[in-house]
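Below: the structure, in structure tokens.
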Amino acid sequence: MRELGEHIVRPPRSLLETAKDWSAAPSSPPLAILEPRSSEEVSQVLAFCNRLQIPLAIQGGMTGLVGGANSMPGEAVLSLAKLNRIEHIDTTAGTALIQAGVTLEQLQNAAEEHDWFFPLDLGARGSCQLGGNAATNAGGNRVIRYGMMRNAILGLEVILADGTRLERLDTVIKNNAGFDLKQLFIGSEGQLGVITQLVIQLQPRPTARCTALCALDGLTKSTQLLKLLKGVLPELSAFEVMWSDYVHESARLQGLALPFQAQYPIYVLIETLGHDLSLSVSAVENALQQALLDEVILDAVLAQSEQQAQKLWSYREGVSELLTALKPCAAFDVSVSLPKMQALVLDLQEELTNRFKEQHHLFFGHLGDGNLHLISGPYPDPEDLHALEELTYQRIAAYGGSISAEHGIGVVKREFLHHSKSKEEIDLMAQLKKLLDPKSILNPQRVIPS
Ligand code: FAD
Ligand code: ZN
């Protein structure tokens, strides 16, 4: 490895330097840590490792929730941390050319400095990287209005396992000249290539944000609320549902008072992003008034300041505290069509509480996208984790849902992929992997079942 140069390769400083993502999946000390600083160096590293068949764990910000970036025995780490330059922001077209190791928050701030807006947002914004967001096709809180990471990517540069550089840094949305190859790499969890640069479409910067928290007596009402709000609030940018246990635990861990005097089964956090505060406020007030009259909601609080808005968001953002406090826990990110959501949740709540009495089962999610999250823990031993996953994924499959709406498959869900993909689809995934990475040096033994 010395051939690659000392500024690229370094030994782990200690055995403790074994980066782990946020899942409970294991991680082993890597053979070496490779830290290229440019696309050329990534290409050099990959050509070298491919020649010698050195398997690599591709690491972004390590905020993944499925163990995909954790290093396994015998692997070296390829870290994107030093590819952290924002190369250019086109202030006329609203596009950003960035290296893959730029963090989500870095881009959000840079966009804002140039009077633009990058709407993708998730709790891990301070650490996760845009390359990692692309590799997992991250979703987050504003998909209902702006779509997933895939929708924000205009161009991509990818280095293949043998070092071949595919540079397609388009700055326009329309390009039908042959296959749109970038789509193959978005959401492929580092199986098919290493993302090194991205062109991102920014959005006009909203200047008026309205946030409200609503109290409801059941999930069915939340789908009615969603329909009502979509009809009258074109600026609706978030519709986050939280079950009461989630809000109570999140509030307790953060030392927050509960949002209402009474307790309710369901809470919905809504946000609009617009350009005229008084218009936005009156639109939201009218919509909530209508929802109260129709008995779709039982109570609501509309934030009167940015500080209050942040407080309302804190209940939802308590996810990091919950993931830490409930360790070891399983974090599920499933999706199912809205008409089936209520039955699925009731079914899961009953089965999980019967079977795993001692642990919390906290439900929340981006309901506008049919995306349900569940944090379940702390589980007493690894056997329980397996039973918990099997039970949950079987139920999801029975309702025709997906075992991953957001976080991907990694190692954690690999053996459950058959619940959401047919044999023929899994075979095609394996063939694509073989074609692009014949020696299987990129994140081997993840995503595709053996
Ligand atoms: P890593 O964790 O480093 O890697 C994730 C996967 O991508 C691995 O398989 C890795 O090998 C691969 N990878 C990373 N970089 C590259 C690259 N440049 N090229 C090729 N492959 C690469 N996800 C959502 O979708 N929505 C949410 O709302 C959400 N909220 C979260 C909240 C918290 C508190 C946390 C901890 C995580 C959350 N996530 C969410 C999980 C989400 O997948 C990650 O936060 C993020 O998208 C991963 O980025 P990362 O840079 O940390 O990637
Ligand atoms: Zn999510």
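Just so you know, ligand 1 is whichever comes first in the structure, and atom 1 is the first atom listed for that ligand. Worth knowing before you read on, the calculation uses all heavy atoms, side chains too, and leaves out hydrogens, waters and symmetry mates. Keep in mind that what you see is a predicted model, and the values were worked out from it rather than measured.
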Does any N or O atom in [X] lie less than 3.5 angstrom from one in ligand 1, N or O only?
{"X": "L323", "value": "no"}
{"X": "V194", "value": "no"}
{"X": "E406", "value": "yes"}
{"X": "G139", "value": "yes"}
{"X": "A100", "value": "no"}
{"X": "D121", "value": "no"}
{"X": "G61", "value": "yes"}
{"X": "H373", "value": "no"}

Do [Y] and [X] meet the salt-bridge criterion of a basic N to acidic O distance under 4.0 Å?
{"X": "K82", "Y": "E41", "result": "no"}
{"X": "E235", "Y": "R145", "result": "no"}
{"X": "R446", "Y": "E75", "result": "yes"}
{"X": "K439", "Y": "D437", "result": "no"}

Where the closest heavy atom to [atom] is concerned, which of [options] has it?
{"atom": "atom 19 (N) of ligand 1", "options": "I159, V143, I186, I195", "answer": "I195"}
{"atom": "atom 44 (C) of ligand 1", "options": "T103, T63, L104, L322", "answer": "T63"}
{"atom": "atom 53 (O) of ligand 1", "options": "G318, G132, G193", "answer": "G132"}
{"atom": "atom 30 (N) of ligand 1", "options": "L122, L198, L156, N141", "answer": "L122"}
{"atom": "atom 43 (O) of ligand 1", "options": "V77, T136, D21", "answer": "T136"}

Which residue and heavy atom of the protein sit nearest [atom], plus the separation:
{"atom": "atom 32 (C) of ligand 1", "answer": "A124 N, 3.9 Å"}
{"atom": "atom 9 (O) of ligand 1", "answer": "E189 O, 3.5 Å"}
{"atom": "atom 2 (O) of ligand 1", "answer": "G64 N, 2.7 Å"}
{"atom": "atom 34 (C) of ligand 1", "answer": "S320 OG, 3.8 Å"}
{"atom": "atom 10 (C) of ligand 1", "answer": "I58 O, 3.2 Å"}
{"atom": "atom 28 (O) of ligand 1", "answer": "G140 CA, 3.4 Å"}
{"atom": "atom 7 (O) of ligand 1", "answer": "A135 CB, 3.5 Å"}
{"atom": "atom 1 (P) of ligand 1", "answer": "M62 N, 3.6 Å"}

Check each atom of ligand 1 against the heavy atoms of [X] and keep those under 4.0 Å away; list them by number with element.
{"X": "A138", "value": "25 (O), 47 (O)"}
{"X": "A69", "value": "3 (O), 4 (O), 8 (C), 10 (C)"}
{"X": "G68", "value": "8 (C), 9 (O)"}
{"X": "G190", "value": "20 (C), 21 (N)"}

Are there more than 12 heavy atoms of other residues, nucleotides or ligands under 6.0 Å from atom CD of Q307?
-> no
R168 atom CZ, neighbour heavy-atom count above 12 within 6.0 Å =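 No.
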What part of [X], side chain, backbone, both or neither, has a heavy atom within less than 4.0 angstrom of ligand 1?
{"X": "L65", "answer": "side chain"}
{"X": "D333", "answer": "neither"}
{"X": "L80", "answer": "side chain"}

With D347 as reference, evaluate R395, K340, Q342 under the side-chain hydrogen bond (donor to acceptor under 3.5 Å, both in side chains) test and give the passing residue.
->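 So, applying the side-chain hydrogen bond (donor to acceptor under 3.5 Å, both in side chains) to D347 and each of R395, K340, Q342, only R395 qualifies.
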Using modelled atom types only, decide if a donor and an acceptor are shared between the side chain of Q59 and the backbone of A69 within a distance under 3.5 Å.
->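 Side chain of Q59 to backbone of A69, a donor-acceptor pair under 3.5 Å: yes, one is there.
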Is it true that F332 and Y393 have ring centroids separated by less than 6.0 Å?
->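 Distance test on ring centres: under 6.0 Å, yes.
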Ring centroid separation H373 to H407 under 6.0 Å |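 Ring centres of H407 and H373 closer than 6.0 Å.
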Going by the angle between their ring planes, with limits at 30° and 60°, are H419 and F416 parallel, tilted or perpendicular?
->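 Rings of H419 and F416: parallel, under 30°.
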E271 side, atom CD; C210 side, atom SG - distance, nearest 0.5 Å |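 That separation rounds to 9.5 Å.
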Could you give the distance from OG (S39) to CD1 (I195), rounded to the nearest 0.5 Å?
->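 Answer for the OG-CD1 pair, S39 versus I195, is 12.0 Å.
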Please calculate the NE2(H373)-the Zn ion (ligand 2)-OE1(E406) angle and round it to 10 degrees.
->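 Value, to the nearest 10 degrees: 90°.
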Decide yes or no on side-chain contact (heavy atoms from CB on, under 4.5 Å) for L374 and L362, but give the supporting numbers first.
-> CA-CA 5 Å; L374 159 64; L362 305 178; 5.5 Å; no
Yes or no on ring-ring contact (aromatic ring centres under 6.0 Å, His included) for H360 and Y379, after CA distance, side-chain angles and deciding distance?
-> CA-CA 9 Å; H360 289 277; Y379 53 80; over 10 Å; no
Checking side-chain contact (heavy atoms from CB on, under 4.5 Å) for the pair L120/V143: CA distance, chi angles, key distance, verdict?
-> CA-CA 8 Å; L120 188 92; V143 173; 5.8 Å; no
Can you tell me the N, O or S atom of H366 that's nearest the Zn ion (ligand 2)?
-> NE2
2.8 Å cut-off met by an N, O or S atom of D333 to the Zn ion (ligand 2) |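 False for D333.
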Check the pair Y315, Q254 against side-chain contact (heavy atoms from CB on, under 4.5 Å), reporting the backbone distance first and the verdict last.
-> CA-CA 8 Å; Y315 298 106; Q254 298 179 82; 5.7 Å; no
Go through the steps for E112 and Q108 under the test side chain to side chain donor-acceptor pair (under 3.5 Å), then give the verdict.
-> CA-CA 6 Å; E112 199 151 326; Q108 287 176 334; over 6 Å; no
